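We use all heavy atoms of the structure for the numbers below, so side chains are in, but hydrogens, waters and symmetry mates are not. So you know, we letter chains A, B, ... as the sequences are listed, proteins then strands, and number each from 1. Remember, predicted model here, so these are calculated numbers, not experimental data.
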Amino acid sequence: MEYNFQDIERRWQQRWHETSLYSVSNRSNKPKYYVLDMFPYPSGAGLHVGHPLGYIASDIYSRYKRQQGFNVLHPMGFDAYGLPAEQYAIQTGQHPEKTTEVNIARYKEQLSKIGFSYDWSREVRTCDPRFYKWTQWAFVQMFNSYYCNTSGKAQPISRLVEHFAQHGTADLDVAQTEELSFTADEWREMSECEQQQVLMNYRLAYIADTKVNWCPALGTVLANDEVSEGLSVRGGYPVEQRVMRQWSLRVSAYAERLLRGLDSIDWTDSLKETQRNWIGRSEGAEMLFPLSGSDEQLRIFTTRADTIYGVTFMVLAPESEYVSRVVTDAQRADVDEYLAWVRHRTERERIADRRVTGVFSGSYAINPVTEQEIPIYISDYVLAGYGTGAIMAVPAHDSRDYAFARHFDLPIIPLIEGADVSEQSFDAKEGIMINSGFLNGMEVKDAIAAMKRYIEQQGIGKVKVNYRLRDAIFSRQRYWGEPSPVYYKDGMPYMLPERCLPLLLPEVSDFRPTPTGEPPLGNAEKWAWDEQHEKVVSKSLIDGKHVFPLELCTMPGFAGSSAYYLRYMDNTNDDALVGKEAVGYWHNVDLYLGGSEHATGHLIYSRYWNKFLYDIGVAIEQEPFAKLINQGMIQGRSSFVYRYIGDDATGNLYISYNLIDRPEYKDKVQPIHVDINLVHNDVLDVDAFRHWMPEFAKAEFVYSDGSTDIDNPYLGAATEKQYLCGSAVEKMSKTYFNVVNPDDMVERYGADTLRLYEMFLGPLELSKPWDTNGIDGVHRFLRRLWNLCDELTNDEPTIEELRSVHRLIKKVSYDIEHFSFNTSVPAFMICQNELQQLRCSKSAVLELFATVLAPFAPHLAEEIWHRCKQVQGVEASDKSVCDVAWPAYDERYLNVDTVKYPVQFNGKVRFTLEVAKDMPREEVEQMVLADEQTARYLGGATPKKVIVVPGRIVNIVM
RNA sequence: GCCGCGAUGGUGGAAUCGGUAGACACGAAGGACUUAAAAUCCUUUGGCCCGAAACGGCUGUGUGGGUUCAAGUCCCACUCGCGGUACCA
C-alpha cells in the first residue's frame, strides 16, 4: 500500500484534537516535567523551516518524557507586543492589533500542521489584557520595592520609609542610584514630593534622567542589549546618546545573585560565559585622590591598585560631575570646546574613530601614596557610566593610558621587572614589581592584595566590587506595548491601584512613532486618570486635582516575555499571576529551548524578573530555567545562475556553474539569485526558469558539458543536459529567493518527514544551512518502513529481529536523554534496513519500533502501532501511542555469544579472533598468546606487554 | 584586543570512556526492471599503490611538535573560520 502521509497525518491530527490528547492537568500523581520553547514573535513573513527546529526537538523530548510516565507541561504562546510586530504593521499600514491577530492565526496554522503536542488551552499572548495585567502588576510591585543588601532580597518600600523615619540613612545598605545622606529629622521635614523624590533613588522600578540609546529611525529608546556597535539590533539603524527622563528597572541590584545563580543551572558554558561577561564583575578598589590646593577629592576605581607608583596623570569622563569642579579659568575655553565636540559625536562615530582625544583641565591632583602632583585630563575614553567616571592613569601598564600618554607626551614609568614599555604598554598581571616603594620585589598578584590592605589601613580608599551590568531602561516611545500603569501628580509618578489593572492600551488616531520622541499615546484622547472614580477619562478633564495625565510610554518587548513561563501554569487565573497550587506543582521550567541571541536580553531579564518574584513570594524557584539548550540557526541556501556579461553579451546567455572559471567566462559572469524552487540538487529547471520572470523568457544556456541549446535545436532542454547552479549560505530572506516554507515541505513530504529531516540535518546546537537535497532519503526511509507493515503477522519474532529492535530502543533512549536527535534518525534507518533484510513483518517487533518512533514521527507511529494492535486482535481504538510506556530494552537480546577481537601488534591490526563474550580478560590474553597466528607474528619472541580492552581489542607490544 | 566555540571524503555529518575513522544520508558512477520516463531495487564510492585474486600494502581527521602499546579524541605551539563583547580602568 502506498504511504499516503497526507491522509495519515490529517486523520491523526484531527483525532488528537478531538480527544484533547495533549491537554494537561495541574493535578496529577505523576512527576512533573515542564518543557518550554521560547515563544515566537508573530512577524508578517510567517514561519520558515528554521523556526520549527527547536520546536521539533522540544516536542520529541516532551513526548519521550510523557511516554516515560511524566506529567508534561508543553505549552506555546506568542510574544505579540514589541518592535517587530509594530514595524510590520507600520510597513503594511495596518493597525498592529489587526496584523498581530492575522499573523498569529497564520503561525498557529503552520504549527498545527507539524504535529506538535502543545496544550493549546494554555496559550498566552503578551498583548492580551488578561496577560498584561500581570506584567503591569509586576511593574507596580517593583515600584513598591527596594533592594536590601543586608537581607539580600527585595523588600517593601514601606520598610525603607520606616527606616528613614527612625534612622535616616544611617546603617543603610541598599541598592541605590546615588548615595544619599540625611537624618531622620531631615526626612520627616521633607514635603511629600521631596520624600517621593528620595524614594525614587531606591525603588526597583524608578524614573530618572538617564543617558539612553535613542534611535531616531525607530523613534524610541533601546536597552543596551538592543544595541550593537552603535546600531539598533532590530533594523540596524543608527543610535545616539541622549539624556531623557525614563523608567528603569534596577537590574544591577541583582548583579551578584544573577552571577552566582549561573553556577546552579544546567546551561551551556558558552552561554553562561556570555552572561558572566555581560554582568562583568570586577574586583578592585575605590581610591581618593586629593585635588591640589583644594579640600576636594576625586574618587576613582581601579583593579590595579598595585600600579599606584606609576600613576602619571588622571582622566575624567567628559560627562563626569568632577569636570566643572576641576576646570581652571585658563583652560575653560579649551575644555568647553572639547565637551561640545564630544557631545555632538554619535555613538557610532565614537566607536569608529579611536583616535586619542582629550584636553587638560588645568588642575592637579596629589597621588595619595607618592604625594606627587599629577595633571588631570578630560577624555572620552573614560566612560561616565562605569566605576566613578574617573581613573588614575598608569601608561606603562594600560594600553589606553599608554596611547594617551604618548599623544600628550606624559611620563611613562615601568613598574614590572623586564617590561619593555618603549613601544607598547605591558598589560599582563604578572611579574615582579619595581619602582614601587614598599611593593618592590612582590609578585603582581601579591602586590594587588598588599595595596588593597594598605589603602584600607590608610583610609585613602576602600575595596570595591563593580559590575558592568546596567539598569534596564523600561520606557519605549512606542504604541504597541503594555501601557505603564502610571499617572503623574505634581510631576511625580504614582501607580494605579492594583484593583484597577489592567490599564488597557487606548485607541489612538495615529500609532506611528514620532521623530521628536513624543510617544504615540500622546494621540490618545481618552488618556487621563480620574483618581477619585478610579477610571480612565478624557484628557480634557485633567485638572491637576482629581484627574491627572497618564504615562505615555509603553513597556519594552522584554516586559511581557519575562514571566510568561509562570503564566502557562495557570493562564486563566484572574486573581494572581499564577496560583499557589499551580506554581507549587510545576515549580519552574525543566527544559528551555531557544536561540542564544537572547543571552544578554531575555535570558537576563527573565532571570532578574523571576528572582524578584521569588523575593515577593510568587515564584518558588530562584532560577526560572533549570536546563537550557540553544538550538542553532538555520540559514538559507541561495542558488545562483550566471549571466554572461562579456563584450559580446546579449544578456540572455547563462553559463553553467562548473564552467565559470574557464578563461572565456572568467570575470565575465554576473551571479543572479534564482528561486530555489526552480533548482533541484543544484540543477536548474530551465523551462521553469524561462517562465519565472519576463526578463528570463529568452534565456539560453551553456550546459555543464559545454553544449548549448543551439547544438541540439530539436530537443530543447534535453534530458542529458544539465545547467548547474552555484550556491551560497545566506540569511533566509525573500529577497534572496531562498526561503523554504514548512507548509510546502509538509505538503510535499509530510510532517513526519520534515520532523525527522530537521533532526537529521545535524546536531541541534549547530547552525547550518537548510538544504532540501537530503530530504528524499528520510522520506524513503518512512516509505520503506510503511511497506514493511503491509502484511503484518503475529508470528513469533526471531532472536535477530529482537536484537535489532532492542538495539534501536537502547540507542534512541540514550540519544534522547543526550539531545542527540541527529544520531537517532540513522538508528531508525539501520533498524529498518535490518528488518527488511530479515523480511520481518511481525507485529510484535514493529509495535516496539513504532513506540520509540512516536516522539519523532508521531503520525506514522500511531498508524503503525494501531495496525499492529488490530492484527493482534487487541482493542485499542481509544488509545494513543503517545501514552504507551517507553519500552525498556532487554540486555538478553543485545548480548551476543562471541565477540571479534582485532589483534594488534604494536598498534597495527594483524588479524581478528573470535572469542566467547563472557570470557575474562586474563583468559582472552592466554588464548591470544596460545594462538598459532600470534606465534607466527611473535616468531619465538616474548611479548613485552599484552593489553586487552574487554570486547574491543587485543594489543601485543613486542 | 579579550572571552567562548569549532576545523573529519564531492556534501551534511557519525565515532557516547583514549581502543578497527568515515556510521547513516545526499550526490556521483555503473547495473537490473521498463518501449521510454518516473518510481523501485542491486553494486561501487577518502586518497594512492600491488594484483588473476585478497579477509593485500601504504597513507589519511586544518598545520607543526609531544604523551601513549594505541590519539579525530589528551598536552604544547600555530593557521584559519564562526559567535559574543569591546576604550569597563
Is there a Watson-Crick or G-U wobble partner for [N] with both distances under 3.5 Å, and which nucleotide is it?
{"N": "B/rU63", "result": "B/rA77"}
{"N": "B/rC17", "result": "none"}
{"N": "B/rC41", "result": "B/rG31"}
{"N": "B/rU85", "result": "B/rG1"}
{"N": "B/rG22", "result": "none"}
{"N": "B/rC48", "result": "B/rG57"}

To the nearest Å, how far apart are [X] [atom1] and [N] [atom2]?
{"X": "A/Asp398", "N": "B/rG1", "atom1": "CG", "atom2": "C1'", "result": "12 Å"}
{"X": "A/His598", "N": "B/rG84", "atom1": "NE2", "atom2": "C1'", "result": "15 Å"}
{"X": "A/Met451", "N": "B/rA89", "atom1": "CE", "atom2": "C1'", "result": "16 Å"}
{"X": "A/Tyr757", "N": "B/rU11", "atom1": "OH", "atom2": "C1'", "result": "10 Å"}
{"X": "A/Leu271", "N": "B/rC3", "atom1": "CG", "atom2": "C1'", "result": "13 Å"}
{"X": "A/Glu925", "N": "B/rC69", "atom1": "CD", "atom2": "C1'", "result": "13 Å"}
{"X": "A/Trp278", "N": "B/rU85", "atom1": "CH2", "atom2": "P", "result": "6 Å"}
{"X": "A/Gln631", "N": "B/rG83", "atom1": "CD", "atom2": "C1'", "result": "15 Å"}

Think A/Arg607 forms a cation-pi with A/Trp267, using NZ or CZ under 6.0 Å from the six-ring centre and within 45 degrees of its axis?
yes

With the side chain of [X] defined as its heavy atoms from C-beta on, choose the nearest nucleotide among [options].
{"X": "A/Gln904", "options": "B/rG19, B/rA89, B/rC41", "result": "B/rG19"}
{"X": "A/Leu383", "options": "B/rC3, B/rC69, B/rA89", "result": "B/rA89"}
{"X": "A/Glu273", "options": "B/rC41, B/rA23, B/rG4", "result": "B/rG4"}

Ignoring hydrogens and angles, state whether a donor on the side chain of A/Asp401 or A/Tyr381 is under 3.5 Å from an acceptor on the partner side chain.
yes

Side-chain ion pair, A/Arg276 and A/Asp263, N-O less than 4.0 Å
yes

Considering just the side-chain nitrogens and oxygens of [X], establish if one lies under 4.0 Å of OP1 or OP2 belonging to [N].
{"X": "A/Tyr386", "N": "B/rA89", "value": "yes"}
{"X": "A/Asn224", "N": "B/rA86", "value": "no"}
{"X": "A/Arg783", "N": "B/rA39", "value": "no"}
{"X": "A/Arg780", "N": "B/rC26", "value": "yes"}

Checking side chain to side chain donor-acceptor pair (under 3.5 Å) for the pair A/Ser252/A/Tyr467: CA distance, chi angles, key distance, verdict?
CA-CA 8 Å; A/Ser252 60; A/Tyr467 299 91; over 6 Å; no

Could you check whether the side chain of A/Asn955 and the base of B/rC69 have a donor-acceptor pair of N or O atoms closer than 3.5 Å, going by distance alone?
yes

Knowing that exactly one of A/Ser596, A/Ser767, A/Ser270 qualifies, which makes a side-chain contact (heavy atoms from CB on, under 4.5 Å) with A/Asn630?
A/Ser596

What's the gap between B/rG57 and B/rC74 when it is taken at their C1' atoms, as a whole Å value?
30 Å

Once base and sugar-phosphate atoms are separated, protein heavy atoms under 4.0 Å mark nucleotides 12-18 of chain B, 5' to 3', with B, S and - as BSSSB--

Along nucleotides 53-62 of chain B, 5' to 3', which nucleotides get a B, which get an S, and which get a -, given that the test is a protein heavy-atom distance under 4.0 Å?
----------

Shortest non-hydrogen separation from A/Ser282 to A/Thr303 and the atoms involved:
OG-CG2, 3.8 Å

Which heavy atom of A/Tyr814 sits nearest a heavy atom of A/His818, and at what distance?
O-ND1, 2.8 Å

Could you tell me which residues satisfy side chain to side chain donor-acceptor pair (under 3.5 Å) with A/Glu925, sequence neighbours excluded, listed by chain and number?
none

Quick check: are there more than 12 heavy atoms from other residues, nucleotides or ligands sitting under 6.0 Å from CD of A/Gln836?
yes

Quick check: A/Tyr749 with A/Tyr757 (ring centres under 6.0 Å apart)?
no

